[in-house]
Amino acid sequence: MRKYNVAVVGATGAVGEEMLRVMQEFDFPVAKVVPMASARSAGGHVTYNGEEIVVKELTETIFEEEEIDIALFSAGGSVSAHFAPFAAEAGAVVIDNTSHFRMDPEVPLVVPEVNPEDIAR
Ligand SMILES: NC(=O)c1ccc[n+]([C@@H]2O[C@H](COP(=O)([O-])OP(=O)(O)OC[C@H]3O[C@@H](n4cnc5c(N)ncnc54)[C@H](OP(=O)(O)O)[C@@H]3O)[C@@H](O)[C@H]2O)c1
């Protein structure tokens, strides 16, 4: 089975922690998890599958440097607005949990139980 490099943007926050917890619960096929946050939390740690992983600072180039396949964003709308395009440009599928792109006709609003196929757009 293919495994993915997954970025969790806002990994030190309440929602980011929950995203990490759910990924572990469902045994999501990760090659590596890259937790990201602001410079304030960079260098700290989060735990994933019993392993301490260093939190990296969110930058415009980190998605390319880390060869991210999937980027989960939950660090606020303005963070998504600025950084999600860099993740997409680097080839990642961006799943944004903020409301920033909600009314953007170019960005599908995906509810997994309703229209999972739209993520391909
Ligand atoms: N769809 C939904 O149902 C739903 C529900 C709740 C929240 N949300 C979205 O999720 C976001 C986060 O909510 P939360 O409750 O997890 O907030 P939170 O606990 O305050 O966590 C915010 C996270 O974002 C990071 N962050 C903030 N500014 C940043 C920046 N400039 N660059 C990089 N990382 C930054 C923080 O990192 P530091 O540790 O470095 O500060 C932290 O990891 C909300 O703003 C909202 O957009 C969506």
Side-chain angles (χ1 to χ4, degrees):
M1 182 198 285
R2 183 169 172 201
K3 295 188 171 185
Y4 301 92
N5 294 338
V6 181
V8 178
V9 179
T12 55
V15 176
E17 277 181 11
E18 187 65 10
M19 285 173 162
L20 290 166
R21 193 192 64 72
V22 171
M23 282 166 60
Q24 292 169 84
E25 186 183 323
F26 283 85
D27 202 13
F28 193 80
V30 295
K32 70 173 173 183
V33 173
V34 183
M36 298 180 190
S38 74
R40 288 182 297 272
S41 295
H45 294 84
V46 299
T47 305
Y48 193 86
N49 282 343
E51 233 180 89
E52 297 249 290
I53 309 177
V54 177
V55 176
K56 303 240 168 138
E57 181 180 354
L58 175 63
T59 64
E60 294 173 352
T61 54
I62 195 166
F63 300 98
E64 194 170 1
E65 288 158 11
E66 296 287 348
E67 301 182 333
I68 297 300
D69 301 306
I70 300 171
L72 305 175
F73 273 74
S74 197
S78 60
V79 174
S80 293
H82 183 82
F83 288 97
F86 289 100
E89 185 62 30
V93 171
V94 175
I95 300 176
D96 180 38
N97 193 45
T98 78
S99 58
H100 181 74
F101 296 102
R102 198 159 287 170
M103 300 304 284
D104 185 334
E106 297 297 313
V107 178
L109 177 60
V110 178
V111 178
E113 296 83 357
V114 177
N115 58 336
E117 68 285 354
D118 283 351
I119 205 163
R121 286 205 283 128

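The CD atom of E18 lies 11.0 Å from the CG atom of N97; values are rounded to the nearest 0.5 Å. Interatomic distance, CZ of F28 versus CE of M19, reported as 12.0 Å (0.5 Å rounding). If you take CZ on F63 and CG on N5, they are separated by 12.5 Å, rounding to the nearest 0.5 Å.
Note on L72: it does not cluster hydrophobically with I68, by side-chain heavy-atom contacts below 4.5 Å among ILVMFWY residues. Linking Ile, Leu, Val, Met, Phe, Trp and Tyr residues whenever their side-chain heavy atoms come within less than 4.5 Å leaves F73 and I70 in two separate clusters.
Shown here are the side-chain hydrogen bond (donor to acceptor under 3.5 Å, both in side chains) partners of Q24, two or more places apart in sequence or in another chain: there are none. Applying the side-chain contact (heavy atoms from CB on, under 4.5 Å) rule to P85 yields no partners; only residues at least two apart in sequence or on another chain are considered. Checked against side-chain hydrogen bond (donor to acceptor under 3.5 Å, both in side chains), R102 has no partners two or more places apart in sequence or in another chain. When the ring pair (Phe, Tyr, Trp, His ring centres under 6.0 Å) test is applied to F83, no partner is found at least two apart in sequence or on another chain. Take E25 and apply the side-chain hydrogen bond (donor to acceptor under 3.5 Å, both in side chains) test, not counting sequence neighbours, and it matches R21. With sequence neighbours excluded, the residues that form a side-chain hydrogen bond (donor to acceptor under 3.5 Å, both in side chains) with E60 are H82.
Contact check for F86 versus T61: no side-chain heavy atoms found under the 4.5 Å cut-off. No side-chain heavy atom of I62 sits less than 4.5 Å from a side-chain heavy atom of E64. For the pair V34/V8, no side-chain contact is recorded, criterion being any heavy-atom separation below 4.5 Å from C-beta on. At least one side-chain heavy atom of M23 sits under 4.5 Å from a side-chain heavy atom of V33. Residues V79 and L58 are in side-chain contact: their nearest non-hydrogen atoms beyond the backbone lie under 4.5 Å apart.
V107 shares a hydrophobic cluster with F101; the chain of contacts runs through ILVMFWY side chains whose heavy atoms sit under 4.5 Å apart. The hydrophobic cluster containing F26, built from Ile/Leu/Val/Met/Phe/Trp/Tyr side-chain heavy atoms closer than 4.5 Å, also comprises V22.
Under the salt bridge (charged side-chain N to carboxylate O under 4.0 Å, His left out) criterion, no residue pair touches residues 35-48, with sequence neighbours excluded. Sorted by first and then second residue, the salt bridge (charged side-chain N to carboxylate O under 4.0 Å, His left out) pairs with a member in residues 68-88 read R2-D69; sequence neighbours excluded.
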Would you be so kind as to tabulate the donor-acceptor pairs closer than 3.5 Å made by side chains of residues 114-121, with sequence neighbours excluded?
{"from": "N115", "atom 1": "OD1", "to": "V111", "atom 2": "N", "distance (Å)": "2.7"}
{"from": "N115", "atom 1": "ND2", "to": "L109", "atom 2": "O", "distance (Å)": "2.9"}
{"from": "N115", "atom 1": "ND2", "to": "D118", "atom 2": "OD2", "distance (Å)": "3.0"}

Give every donor-acceptor pair under 3.5 Å between a side-chain atom in residues 44-57 and any protein atom, sequence neighbours left out.
{"from": "K56", "atom 1": "NZ", "to": "E66", "atom 2": "OE2", "distance (Å)": "2.7"}

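Contact record, T98 with A75: CG2-N, 4.5 Å, taken as the closest heavy-atom pair. Contact between A87 and V94 at its shortest, heavy atoms only, is CB-CG2, 3.7 Å. The shortest non-hydrogen separation linking V15 to S74 is CG1-OG, 3.0 Å.
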